[in-house]
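Worksheet: the structure to be examined is printed underneath.
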Amino acid sequence: MISLPVVLAAGAVMFGIGLYGVLGQTNAVMVIMGVELMLGAGMLNVVGFLRYAHPDAASGTFFVLVIMTLMAVEATVGFALVVATFRHSRTAELDDLTELSG
Amino acid sequence: MSGLGTALVFWPAVVGMLVTALYVFKTASMARAGLLLLASLALEGLIFLALAAEFLGVLQLLMMSGEMVIMVFFMVMFMPDPGGLMGMDMIHDKRRSAAAAVGVAVALAGVAVLTDWPAQMVDGTTPDLRQIGFEVMGRSMLSFLFAGVTILFAMVGGIMLAQQGGRLELPAPEGERR
């Protein structure tokens, strides 16, 4: 049977996979992909709550739309930073970007 | 959708979403990784459809298909080994990052399963999609407009940031001077 905890648990696993990408990947583009997965997990949670806790609330849809907006903005700004970094350092590998390290 | 129909869509979609999400970081080919991410988020859209959130499900499928195809281009452009033919290892701190990810996922899933959630459950009826339209034109109009303007600002800011010389109009790097 499908229930709210099942949806939330699926979201939790997806969040963990995204976190693995953010922490473990060496390339900035792959880190952006990890963040996308984490935001996708958050979106799944919101849809779960929307469906199981407040099925009649249309306003909950807008929380999901805000997260979708956030995903688009994150990708836009992230890719712009990757382009700017690549112009400067000729790499998008995070291990090589040590200019600001103490 | 009946309970059986929902389950037949939901469970394969959940398994597919998680497996494709995991393989995003397992495959060596960047084009494949981008397409796997697209598959994962598209399957998430199917889950939305199974949960009777049709508007969000279709929106997710449309938005993510466009966004992920653009992402594939970026990955092929900026990866040192986009085809995955050299067998490069693109993971650092593998054990600790995997441990942190598993720990967070188990903790969140534990909270999800052990919490005593409200008993109100889905009744099988589809929410009235017209309500979303009334909501857009009503009290959520400002937040909807704000989301659109935010995307516009992000596009303009992204172009300014990525243009040659950047926002400070610094000279182009040596190899790029014309």
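Just so we're on the same page: letters track the sequence lines, and every chain starts at 1.
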Could you have a look at [options] and say which one has the most heavy-atom pairs with chain B under 4.5 angstrom?
options                            : value
A:Leu37, A:Leu50, A:Val77          : A:Leu37
A:Ala10, A:Ala84, A:Ala72, A:Ala75 : A:Ala72
A:Asn45, A:Val66, A:Thr85, A:Val82 : A:Val82
A:Val22, A:Thr69, A:Ile32, A:Leu81 : A:Thr69
A:Leu19, A:Leu44, A:Thr76          : A:Leu44
A:Gly11, A:Gly24, A:Ala9           : A:Gly24

Which pair of heavy atoms, one from [X] and one from [Y], lies closest together, and at what distance?
X        : Y        : answer
B:Trp117 : A:Pro5   : CD1-CG, 3.7 Å
B:Gly34  : A:Met33  : CA-CE, 3.7 Å
B:Leu108 : A:Ala12  : CB-CB, 3.5 Å
A:Gly16  : B:Ala105 : CA-CB, 4.0 Å

From [X] [atom1] over to [Y] [atom2], what is the distance, rounded to the nearest 0.5 angstrom?
X       : Y        : atom1 : atom2 : answer
B:Lys94 : A:Gln25  : NZ    : CD    : 10.0 Å
B:Leu56 : A:Met43  : CG    : CE    : 8.5 Å
A:Leu70 : B:Thr150 : CG    : OG1   : 9.5 Å
B:Glu67 : A:Glu36  : CD    : CD    : 4.5 Å

Inset, instruction - Using ring-ring contact (aromatic ring centres under 6.0 Å, His included) as the criterion, list what pairs up with B:Phe144, not counting sequence neighbours. - result: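 So B:Phe144 forms a ring-ring contact (aromatic ring centres under 6.0 Å, His included) with A:Phe62.
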Treat each ILVMFWY residue as a node, draw an edge where side-chain heavy atoms are under 4.5 Å apart, and state whether [X] and [Y] are in one component.
X        : Y        : value
B:Val15  : B:Phe10  : yes
B:Val58  : A:Met68  : yes
B:Phe134 : B:Leu145 : no
B:Phe55  : B:Leu62  : yes
B:Met17  : B:Val102 : no

Can you find a heavy atom in the side chain of [X] that is under 4.5 Å from one in the side chain of [Y]?
X       : Y       : result
A:Met14 : B:Leu41 : yes
B:Phe48 : A:Arg51 : no
A:Leu65 : B:Leu59 : yes

| query | Tell me the ring pair (Phe, Tyr, Trp, His ring centres under 6.0 Å) pairs involving residues 18-39 of chain B, sequence neighbours left out? | reply |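 Every candidate ring pair (Phe, Tyr, Trp, His ring centres under 6.0 Å) pair involving residues 18-39 of chain B fails, so no pair, neighbours aside, qualifies.
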Open item on the list: If you apply the rule side-chain contact (heavy atoms from CB on, under 4.5 Å), what do you find for B:Phe153 with A:Val73, and how did you get there?
Closed with: CA-CA 9 Å; B:Phe153 282 174; A:Val73 168; over 6 Å; no
Which bit of [X] comes within less than 4.5 Å of chain B, counting heavy atoms only: side chain, backbone, both or neither?
X       : value
A:Val13 : both
A:Phe79 : both
A:Phe49 : side chain

B:Ile47, part contacting chain A, at a heavy-atom distance under 4.5 Å:
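For B:Ile47, the contact with chain A is made by the side chain alone.
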Interface residue of largest heavy-atom contact number with chain A, from B:Val113, B:Val14, B:Leu37, under 4.5 Å =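 Sorted descending by pairs with chain A, the first entry is B:Leu37.
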(message) More than 12 heavy atoms of other residues, nucleotides or ligands under 6.0 Å from CG of B:Leu142: yes or no?
(response)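 Result for CG/B:Leu142: open.
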I'd like to know whether A:Val7 forms a side-chain contact (heavy atoms from CB on, under 4.5 Å) with B:Leu51, so could you lay out the CA-CA distance, the side-chain angles of the two residues, the decisive distance to 0.1 Å, and finally the verdict. CA-CA 10 Å; A:Val7 178; B:Leu51 293 174; 4.3 Å; yes
